[in-house]
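Start at 1 and go down the list; that is how both ligands and their atoms are numbered. Note that the numbering runs from 1 along the sequence shown for the chain.
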Amino acid sequence: MNKGGVFVVAGPSGSGKDTLFKELFKRKPEIKFSISSITRPMRVGEVEGEKYNFITREKFLSMLENDELLEYNEYIGNYYGTPKAPVIAAIENGDDILIEVDVNGAKEICQKLPEAITVFIMPPSYKELKRRLSGRGTETQDLIDKRMKEALNEIARATEFDYIVVNDDIQTAVDDIIEVMSSSRLALKRQKNLIDGVLSNVES
Ligand code: ADP
Ligand code: 5GP
């Protein structure tokens with residue numbers, strides 16, 4: 001059986017990742033999503049177990065100690081981590097899985113799973129990012145300022161990714177993500193075994 005593909009998606013807070021994922025999963029319900037374990041307090045409208053499992057700092061540190069996380073990062077005072085077991089299960093079952101992380105998490109996953117395809121969700125401009133983040137109305141002004149500061153560093157590190165999808169028009173951006181997922185099946189880093197297979201069957 002073919003192994004599932006791992007798609008690692010990052011982008012600054014407010015760039016529209018959640019919005020694009022909701023649309024993506026409507027169109028591609030067969031794709032699995034990695035539910036992160038996080039210590040941030042729940043926002044209004046968030047549901048336990050939908051995108052995140054909201055856990056205590058103690059529980060997070062025990063997951064870390066027991067090697068249950070594929071990667072983790074501390075972002076503005078809270079821990080965010082990707083549980084390892086569901087990702088490995090999806091790969092082995094031949095399911096494609098999408099993992100949302102920050103730029104540090106993306107780097108860590110690529111070191112552990114070099115075949116992972118990375119996508120950066122870029123806002124059309126810094127000004128529009130600020131408008132979206134403020135307009136969402138889920139953070140205090142202090143947290144918006146901190147997130148906008150983080151965004152500068154994250155956008156500068158978009159060069160580390162395989163693909164950049166600009167989220168200007170939602171439908172166009174979702175089309176682009178689907179196209180990346182489909183064409184990346186042919187990417188060299190997902191086909192290394194194929195080359196070894198052909199070379200190992202050469203008759204002299
Ligand atoms: P993220 O998950 O990256 O933090 P969200 O999906 O929560 O971002 O989007 C932040 C805000 O921007 C939300 O209010 C959302 O409705 C809005 N938004 C997302 N994508 C677009 C877009 N393409 N055009 C206009 N507004 C958008
Ligand atoms: P938010 O608080 O807006 O939900 O997320 C804050 C940041 O953490 C975003 O950049 C988001 O992509 C990132 N993030 C979400 N889940 C994970 C995860 O499992 N690991 C890491 N490293 N970052 C995550």
Counting only heavy atoms, which portion of Arg43 has something under 4.0 Å from ligand 2: side chain, backbone, both, or neither?
side chain
Among Arg185, Lys32, Lys28, find the one that has a side chain to side chain donor-acceptor pair (under 3.5 Å) with Asp96.
Arg185
Name the one of Glu108, Glu71, Glu68 that satisfies side chain to side chain donor-acceptor pair (under 3.5 Å) with Thr82?
Glu71
Quick one: nearest non-hydrogen protein atom to atom 23 (N) of ligand 2, plus distance?
Asp102 N, 3.1 Å
Check whether any N or O atom of Lys51, backbone or side chain, sits under 3.5 Å from an N or O atom of ligand 2, and answer yes or no.
no
Using a plain distance cutoff, I'd like to know if Lys17 has any nitrogen or oxygen under 3.5 Å from a nitrogen or oxygen of ligand 2.
no
Would you say Arg136 has any N or O atom under 3.5 Å from an N or O of ligand 2, going by distance alone?
no
Verify whether the ring centers belonging to Tyr163 and Phe120 lie closer than 6.0 Å.
no
Hey, does Ile38 come in under 3.5 Å of ligand 2, counting only N/O atoms on both sides?
no
Considering only heavy atoms, which protein residues lie less than 4.0 Å from any atom of ligand 1?
Pro12, Ser13, Gly14, Ser15, Gly16, Lys17, Asp18, Thr19, Arg132, Arg136, Asn167, Asp168, Ile170
Of the side chain and backbone of Tyr80, name the one, both, or neither that has a heavy atom under 4.0 Å from an atom of ligand 2.
both
Hey, does Arg147 sit under 4.0 Å from ligand 2 if you only count heavy atoms?
yes
